[in-house]
2 protein chains.
Amino acid sequence: MDARRDVFQAIADPTRRAILGMVANQPQNVNALAEKFDVSRQAVSLHVKILHECGLLTIRQQGRERYCEGRFDKLSEVAEWIEQYRKFWNSRLDSLEQYLNQIQTKTDKP
Amino acid sequence: MDARRDVFQAIADPTRRAILGMVANQPQNVNALAEKFDVSRQAVSLHVKILHECGLLTIRQQGRERYCEGRFDKLSEVAEWIEQYRKFWNSRLDSLEQYLNQIQTKTDKP
DNA sequence: AATTTGCGCAAGCATTTAATTGCGCATATA
DNA sequence: TATATGCGCAATTAAATGCTTGCGCAAATT
């Protein structure tokens, strides 16, 4: 179960995205994560392993527990890939900056 | 070969990302695309089908040819998912980050 | 010291996926 | 009209993926 293993592939799985969401704010150990899913602890453990191999989370061993914490900078790879196409779906704006100004303006409007 | 079929999964494949890159600027027919890859025409045709099913490209039939053109607005789904984590990897001054901090400060206010 | 708990390893299994090959049907072209 | 071209539709195969189960080790608890 180890072939092409990149960030794009890692985030393709919904369970892995959920895991990332859970370890974004504070570290969680593997069992704590596993309890939140319907799949077995082993399945979650494997997802964690994959995410770790991709550099999307770090693992801090503490006694017999392994605390997982999100490491999201690798997502910039995906973000950059997508950014180049933003102009195609948001044709009147051709940069993130302008896009941001747009939503900011919308939001600020009372 | 039709199960979970979402945008995250569609862009997980490098060949499909390459195809999207090729049809971003001007439409290409299936054979023209296939020539650029080492895999068979059928393989490319299948990737095109998947991308089409995900709404990531449109197909315009013209005679016996099918012109594929990128439709990137579905990528915003991925972009939005990623955006929520940008603050974790991009700690430098960034308009989006500032924006996020701004609303976060508002929210955090007790 | 004995037991429980957290968790990785590894084997096994069902699906899914990517890719190939052969076929046939339209639409072009000679 | 005969032939070439573009391309989808299976059917098939090999590999990858997600998941489970059983095992065992090391750290914590009793």
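Each chain gets a letter, A, B and so on, in the order the sequences are listed, and its residues count up from 1.
Atom CD1 of Ile59(B) and atom C1' of dC7(D) are 11 Å apart (whole Å). We find that CG of Asp13(B) is positioned 13 Å from P of dA16(D), with the value rounded to whole Å. In this structure, Leu46(B) atom CG and dG6(D) atom C1' are separated by 16 Å, rounded to whole Å. Note: CD (Glu35(B)) to P (dC7(D)) measures 10 Å, nearest angstrom. Computed from coordinates, the Arg66(B) CZ to dA26(C) P distance equals 14 Å when rounded to whole Å. Between the P atom of dG18(D) and the CG atom of Leu51(A) lies a distance of 10 Å, rounded to the nearest Å. At whole-Å resolution of the value, CD in Glu53(B) and C1' in dC9(D) are 14 Å apart. As a whole-Å value, the separation of Asp6(A) CG from dA16(D) P is 14 Å.
Listed nucleotides: dC19(D), dC7(D), dA18(C). Nearest to the side chain of Arg5(B): dA18(C). With distances taken from any side-chain atom of Arg41(A) to the nucleotides dT21(C), dG8(C), dT17(C), the minimum falls on dG8(C).
Without hydrogens or angle criteria, Gln84(A) side chain to Trp81(A) main chain gives a donor-acceptor distance under 3.5 Å. Distance alone, capped at 3.5 Å, places no donor-acceptor pair between the Arg66(A) side chain and the Val30(A) backbone. When atom types are taken as modelled, the side chain of Gln61(A) and the backbone of Gly63(A) share a donor-acceptor pair closer than 3.5 angstrom.
Here Glu83(B) pairs with Arg86(B) in a salt bridge; the nearest charged N to carboxylate O distance falls below 4.0 Å.
Looking at heavy-atom distances under 4.0 Å, Ser45(A) makes contact with sugar-phosphate atoms alone, never a base.
With hydrogens and angles left out, the side chain of Arg64(A) and the base of dG8(C) share no donor-acceptor pair within 3.5 Å. A donor-acceptor contact under 3.5 Å is formed by the side chain of Gln42(A) with the base of dC9(C).
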Could you list the donor-acceptor pairs under 3.5 angstrom formed by side chains in residues 36-50 of chain A, with sequence neighbours left out?
unit_1   : atom_1 : unit_2   : atom_2 : d
Ser40(A) : OG     : Gln42(A) : N      : 3.4
Ser40(A) : OG     : Ala43(A) : N      : 3.1
His47(A) : ND1    : Arg16(A) : NH1    : 3.1

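Under 4.0 angstrom from either OP1 or OP2 of dT20(C) there lies at least one side-chain N or O belonging to Ser40(B). For the pair His47(B) and dA19(C), the criterion of a side-chain N or O lying under 4.0 Å from OP1 or OP2 is met. Residue Arg16(B) places at least one side-chain N or O under 4.0 Å from the OP1 or OP2 atom of dA18(C). Distances shown here put every side-chain N or O of Asn29(B) at or beyond 4.0 Å from the OP1 or OP2 atom of dG6(D). Taking 4.0 angstrom as the limit, Gln9(A) places a side-chain polar atom (N or O) nearer than this to OP1 or OP2 of dT17(D).
Residue order along DNA chain D, read from the 5' end via each residue's closest nucleotide, puts Val39(A) first among Gln62(A) and Val39(A). Map Val44(A) and Lys49(B) each onto its nearest nucleotide of DNA chain D; the residue landing nearer the 5' end is Lys49(B).
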